[in-house]
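What follows is a short report on a single structure.
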Amino acid sequence: MWGDALAGLVAGFTNLTWQSAVLIVLGSVLLYLAISRKIEPLLLVPIGFGIILGNLPLSALSAHEEGGIINLLYKAGILTELLPALLFIGLGAMIDFGPLLANPTMLIFGAAGQFGIFLTLFLALALGFSREHAVSISIIGAMDGPTAIYVSSKFARELLPAISIAAYSYMALVPIVQPPIMRALTTKKERSIVMAYGQKKVSQRVKILFPLVAGIFAMLIAPMGAPLMGMLMLGNLMKESGVVERLANVSETTMINIVTLFLGLTIGASMLGSNFLRWQTILIFILGFLAISLDTVTGVLLGKLMRVLTKGKINPLVGAAGTSAFPMSSRVVQKEGQKANPRSFLLWHAVGANTGGQLGSVVAASVMLAVMAAMGITPTP
Amino acid sequence: MANFDFGLIMMVSGMGATLVVLYLITWLIKALDKLFPFKEEKKEESS
């Protein structure tokens, strides 16, 4: 009897595998990065703690443990794709499309900034990933955490933790990843170009109609992406309409905070040693890094082309802001531009390209989903 | 269908459609701006 009692008290220790121990340490590292280094704390704290909870033996706190509290959140929020969709309402309520509406040409950079997704898709296929997995991994290049979660929860649930952590981590590393690429692909003369600052004003009516009209248009083209595009535009419409301030405020504060907490916790708790500690995970991180780097390359190269076509009016650095990493990318562009020429003020143009990138990433994901559906590739049941 | 073919179709149709959609949205924005241009608010004269 004494033996049974003692065995019950040490069961947690005796059932601890080395894989679980490694993941607990990894979760602790993420917490250190979040709390001490202030790297994406809103996400890494719930993800890091979720990893620890999910890997504690016999705790029933893994996202896959039937009936556990985190499993309930996982089934209700991740498997239904509800949480990423709700997150998009909050994101839409936070986005200001004003700079983009004043200078819609910047939207072309939002398109170029998605090219890395498709190039990485090829690489992932070449490395032996299945089509569903390759698409889910390549979407890291969208530099949009909720989009990456949405697509991978449809097609590659077992890779969801690795893809989510890669997507959010690389977004935080944009100030480190982008500048060397920007400098390598441009000359100092190009980086020094001063772009005319003429902040055109946009009427409030246009700001209200844009999410409605552009949203309907994009959703008709790619209905599979409607949950993302629709929620994004709903959030933005609430913000710009000015008549539902309470809803807009709660969307961009309370709701987005709650969803971020649940999302991080469930993703972290779904990361088990058995499915995370594989060579595949390292490949996912490498491919994710490549996707983001290629986005920057294609954006800057398009910027160089635009410089030629506009006879020197466009600074190629602005192309690097055509990603969804808002506002990091636009700040990086501003900083690099000022390093080359202190009189250069690229922020306004970069913000336009950056919000174009946010829109571009959702369009790119929606289009990919539509093409896959047309090819008969269906989501995991 | 071979993986290379799949990747090529995804790239061409995916990137192509993304470019076209965003290009059309650019024109949509310009059309909206032409229909509803920004007007300075008239200052009301105090009575």
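Keep in mind it's a predicted model, so treat the numbers as computed, not measured. What you see below is based on every heavy atom in this structure, not just the backbone, and it leaves out hydrogens, waters and symmetry mates. Residue numbering restarts at 1 for every chain, and letters A, B, ... go by the order of the sequence lines.
For the pair A/Leu359/A/Met229, a side-chain contact is recorded, criterion being any heavy-atom separation below 4.5 Å from C-beta on. Considering only heavy atoms from C-beta on, A/Asn103 comes within 4.5 Å of A/Trp348 through its side chain. The side-chain heavy atoms of A/Ile208 and A/Arg205, taken from C-beta on, include no pair separated by under 4.5 Å. The closest side-chain heavy-atom distance from A/Leu101 to B/Asp33 is not below 4.5 Å. Under the 4.5 Å side-chain criterion, counting only non-hydrogen atoms from C-beta, A/Met224 is not in contact with A/Ser366.
For a residue to count as touching a neighbouring chain, one of its non-hydrogen atoms must lie under 4.5 Å from one of that chain's; by this rule B/Tyr23 does not touch chain A. Within the 4.5 angstrom heavy-atom criterion, only side-chain atoms of A/Phe122, from C-beta onward, approach chain B. Residue contact with chain B, scored on non-hydrogen atoms closer than 4.5 Å, involves the backbone and the side chain of A/Leu119 alike. Contact of A/Leu107 with chain B is made through backbone and side chain together, with heavy-atom distances under 4.5 Å. For chain A, the nearby part of B/Leu28 is the side chain; its heavy atoms alone come within less than 4.5 Å. For A/Leu121, the part lying under 4.5 angstrom from a heavy atom of chain B is the side chain only. Neither the backbone nor the side chain of B/Leu35 has a heavy atom closer than 4.5 Å to any heavy atom of chain A.
For the options A/Leu100, A/Val213, A/Thr105, heavy-atom pairs under 4.5 Å to chain B are most numerous at A/Val213. Interface remark: of the candidates A/Val371, A/Ile108, A/Ile117, A/Val371 forms the most heavy-atom pairs closer than 4.5 Å to chain B.
Side-chain contact, A/Arg131 with B/Asn3: a donor N or O sits under 3.5 Å from an acceptor N or O.
Classification of the A/Phe97-A/Phe210 ring pair by plane angle, with boundaries at 30° and 60°, yields perpendicular.
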